[in-house]
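Take a look at the structure below.
Sequence lines set the chain letters: A, B, ... in the order given, protein chains first and strands last, and positions in each chain run from 1. Not measured: the values here are computed from a predicted model.
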Amino acid sequence: MRSTNNKPVLLNVVGPTAIGKTKLAIKLAKHFNTEILSADSRQFYKELPIGTAAPTPEELAEAPHHFIHNRSISEDYNVGAYERDALKKLEDLFKTHDIVIAVGGSGLYIDALNEGLHSFPEIDQKVKEDLAAQFETHGITYLQETLKDLDPNYYNKVDLNNHTRLLRALEVCKSSGKPYSSFLEQEKPPRFFKSIYIGLEADRAVLYNRINLRVDYMMADGLLEEVKSVIDFRNHNALQTVGYKELFQYLDKELSLEEAIQEIKKNSRRYAKRQISWFRRNSKIIWVDFESPFSEVLKKVKSAL
RNA sequence: GGGUAGAUGGCCGAGUGGCUAAAGGCGGCAGACUGUAAAUCUGCUCUCGUGAGAGUACGUAGGUUCGAAUCCUACUCUACCCA
């Protein structure tokens with residue numbers, strides 16, 4: 001089942017949270033007798049099975065999964081590391097499979113996998129801490145002015161209100177002595193596989209209803225206990241996550257349990273909206289209704305091969 | 001039955017004669033996104049119109065005024081208090 005140009009195929013299943021990506025990916029994996037590569041920025045943390053809606057043990061048994069529960073929240077992990085690790089895994093999988101399934105709702109991770117990121121220098125931790133401290137004391141203006149000085153090109157492009165972006169760019173500039181934008185100008189090596197994208201969609205009201213219901217299921221499944229078990233790590237990046245942030249607030253007595261649950265639902269809806277925005281601009285995605293019969297999905301996949 | 005307070009856009013809530021289609025918040029919609037990305041950030045949100053602009057709007061009905069969400073009268077409803 002190689003693609004027409006004889007490259008192996010990475011079949012990406014994308015879409016907003018709670019729309020049924022996991023289940024579709026498993027069906028596709030079984031059909032093509034292949035394996036699943038997760039492109040989800042939270043499901044690889046083994047301590048967070050409930051709140052991240054990771055595949056259940058039963059689902060994991062249905063098809064081989066990679067990048068699920070293979071990391072700890074105590075580790076620092078990020079897209080760059082993911083791209084490196086996932087690509088290596090993919091090379092392995094393509095030795096024995098012509099088609100592999102990727103599934104995930106993290107747009108940046110999907111893009112990193114399929115298109116690649118530019119290569120950036122290592123960040124000097126001291127530089128990072130210094131910048132954070134400067135931001136703390138001098139505010140965002142400091143970041144803006146420093147960037148204007150170190151990388152005027154990027155200064156003209158970035159969202160100047162977004163401190164996260166400014167910090168990252170400055171970290172690269174200061175660690176490497178070269179402008180951040182100069183790294184973006186480098187040629188990216190082309191992928192050795194062909195990418196196909198299936199996007200699941202649903203009416204907004206239907207999607208929101210599914211999200212709300214899933215939060216209730218998570219609570220019934222013991223999300224609160226899961227959150228309590230990881231509270232010592234609450235400042236780690238891995239826990240800047242919907243479902244955890246809000247329940248930490250409940251444990252801090254800032255919110256009632258009911259309020260916290262409502263916040264989780266709301267923030268999940270907003271997250272879904274951001275995912276939709278991200279995927280909408282990818283014109284390669286073949287969109288299908290989340291309730292489409294599998295045969296129909298399969299037909300669309302095959303016509304894209 | 002009497003008294004007091006109140007009634008503002010999907011919701012909460014400010015405004016107390018012109019600068020008000022009406023602050024702010026919430027909710028919603030749309031967008032950005034290259035190593036924190038389930039993060040971070042931006043715009044829009046009465047109706048019609050691409051736009052200029054027009055129309056409708058601050059409980060209801062009248063009134064005062066060049067001009068009213070803002071002042072007056074009556075009525076309706078809500079909350080609390082007295083009987």
Donor-acceptor pair under 3.5 Å: do we get one between A:Arg280's side chain and the base of B:rA30?
-> no
Whichever of A:Lys245 and A:Tyr208 has the more 5' nearest nucleotide on RNA chain B, that residue is A:Tyr208
Would you mind telling me which residue lines up with the more 5' stretch of RNA chain B, A:Ala54 or A:Val79, judged by nearest nucleotide?
-> A:Val79
Distance-only, no hydrogens or angles: does the A:Lys178 side chain make a donor-acceptor pair with backbone N or O of A:Phe183 under 3.5 Å?
-> no
Quick one: [X] [atom1] to [N] [atom2], roughly how many Å, whole number?
X	N	atom1	atom2	result
A:Leu143	B:rC41	CG	P	13 Å
A:Asp159	B:rA32	CG	C1'	7 Å
A:Gln262	B:rC11	CD	P	19 Å

Tell which nucleotide pairs with B:rA79, taking only Watson-Crick or G-U wobble pairs whose two distances are both under 3.5 angstrom.
-> B:rU4
Option passing ring pair (Phe, Tyr, Trp, His ring centres under 6.0 Å) with A:Phe67 (candidates A:Tyr82, A:Tyr45, A:Phe44) = A:Tyr82
Ranking B:rA37, B:rU42, B:rU36 by distance to the side chain of A:Asn161, first place goes to B:rU42
Is the phosphate of B:rU36, meaning OP1 or OP2, less than 4.0 Å from a side-chain N or O of A:Lys128?
-> yes
Output yes when at least one side-chain N/O atom of A:Arg165 is less than 4.0 Å from OP1 or OP2 of B:rA32, else no.
-> no
